Amino acid sequence: MAGDSTPMLLSGNHAVAWGVRLARPHVIPVYPITPQTPILEKITEFHSAGEITAEVIAPESEHSAMSACITASLTGSRVFTATSSQGLLLMHELLHYAAGARAPIVMVNVNRTVASPWAFWPDQTDSLSQRDTGWVQLYTESPQESIDTVIQAFRIAEEIGMPVMVNHDAFYVSHAMESVEVPSQACVNDFLPEYSIPNMLDPDRGQSFGAPVDQATYNRVRREMGEALNNAFTACDSAHSAWMELTGRNYGVIEEYRTDGAELVLVTLGSMAGTAREAVDALREQGHSVGLVKVRLFRPFPNDQVIEALKGIANVIVLDRNYSPGLGGILHQEIKAALYGLQDGPKVHGLLAGVGGVNVTPAKIQELVLRYADNDPVVASIWVE
């Protein structure tokens with residue numbers, strides 16, 4: 001049956017590699033960087049065994065890797081790559097190029113601290129600092145969610161004609177081992193059609209990409225990019241519904257947990273959602289009306305869904321594992337912007353929790369909830385000690 005799956009004990013990175021194998025890409029340019037390297041190693045293992053038939057390219061840098069991704073994508077190939085931290089930053093100029101060229105590349109970024117100083121811990125500043133490049137950004141909580149989201153990302157990217165970045169936290173997800181339901185090839189084949197894009201380099205059509213243009217043409221292209229990104233909401237919903245039908249696993253652009261009747265709601269990205277979920281359960285047992293909203297789709301930002309989830313809530317605490325110097329938590333700012341002007345909107349507290357990979361326990365989150373529940377809004381993000 002198409003919905004068959006096999007349980008395997010996998011790290012988040014190896015789950016990603018399995019997702020790539022099942023998605024059947026044609027070209028995979030990847031440069032190794034801690035803590036992404038196990039993705040490349042597992043893909044190489046699959047390739048050596050003949051289980052991946054893609055052309056696997058080992059370029060001299062992440063900049064070259066993304067250059068290869070763009071050219072391969074624009075010549076009609078399904079393309080995957082992976083990176084982390086400084087590698088993603090080195091790609092920065094080409095991330096803009098890929099989005100502007102409407103290349104439906106799928107990339108996994110393993111969220112890691114950016115230099116300097118040099119460190120290797122989970123922190124989402126690397127990907128969030130790329131939020132204006134035009135890439136769809138999705139954040140996952142677990143190895144299971146990572147494999148599922150990678151497969152969905154190919155469908156989303158190819159449907160809207162924009163690149164997609166899937167992000168999971170270093171070590172908490174990338175190297176953590178969990179039981180993962182790996183879907184069958186038949187299941188993924190039912191879900192993900194053969195690769196086909198309308199615009200590609202073809203000598204018979206005489207098209208080009210990246211040529212100089214006048215002001216009006218550039219303006220039009222940026223508007224078209226915006227329209228394509230807005231289509232990501234429908235594409236994500238379609239992918240989630242189809243995946244639910246095939247596997248029984250359901251995802252949304254945001255996920256709500258125990259928000260019915262909640263007076264306070266935690267909001268976060270990535271693996272911290274799992275920790276927050278435990279804190280919510282403990283607080284509920286203590287009689288506190290607390291819930292959780294996990295933001296999965298960060299770009300385009302799901303304003304309408306966030307408003308719907310948080311309207312009527314008295315207090316919102318945003319937990320950011322990232323830091324924009326001079327501003328504060330990036331998700332905090334996005335949540336405030338989404339809720340701005342909402343009639344009787346919640347008080348929004350921004351807490352910098354887990355920046356640089358500092359561990360944030362369920363007990364710590366419970367403490368934060370009790371500390372800030374009745375306070376005035378924390379408008380400028382504050383550090384959690």
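It should be emphasised that the depicted structure is a prediction, and the values quoted were computed from it without experimental measurement. The first residue in the sequence is number 1, and the count goes up from there. Excluded from the calculations below are hydrogen atoms, water molecules and symmetry mates; all remaining heavy atoms, backbone and side chain alike, are included.
Note that NE2 of H175 and CG of D169 are 13.0 Å apart. Values are rounded to the nearest 0.5 Å.
Geometrically, R155 engages F191 in a cation-pi contact, judged by NZ or CZ lying under 6.0 Å from the ring centre and within 45° of the ring axis.
Criterion: ILVMFWY side-chain heavy atoms under 4.5 Å apart, direct or through other members. Under it, V295 and W135 are not part of a common hydrophobic cluster. Note: the hydrophobic cluster containing L40 also contains V110 (ILVMFWY, side chain heavy atoms under 4.5 Å, direct or indirect links).
Not counting sequence neighbours, the partners of E334 by the side-chain hydrogen bond (donor to acceptor under 3.5 Å, both in side chains) test are R299. Checked against side-chain hydrogen bond (donor to acceptor under 3.5 Å, both in side chains), T34 has no partners two or more places apart in sequence or in another chain.
Between the side chain of K336 and the backbone N or O of V379 there is at least one donor-acceptor pair closer than 3.5 Å. Within the 3.5 Å criterion, the main-chain N or O of C236 finds a donor-acceptor partner in the side chain of H240. For the pair H92 (side chain) and S129 (backbone), a donor-acceptor distance under 3.5 Å is absent.
Using a 4.0 Å cut-off between a side-chain N of Lys or Arg and a carboxylate O of Asp or Glu, E227 and R223 do not qualify as a salt bridge.
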Step by step, would you call D237 with T234 a side chain to side chain donor-acceptor pair (under 3.5 Å)?
CA-CA 5 Å; D237 287 343; T234 301; 5.8 Å; no
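Side-chain polar atoms of R112 and S174 form no donor-acceptor pair below 3.5 angstrom.
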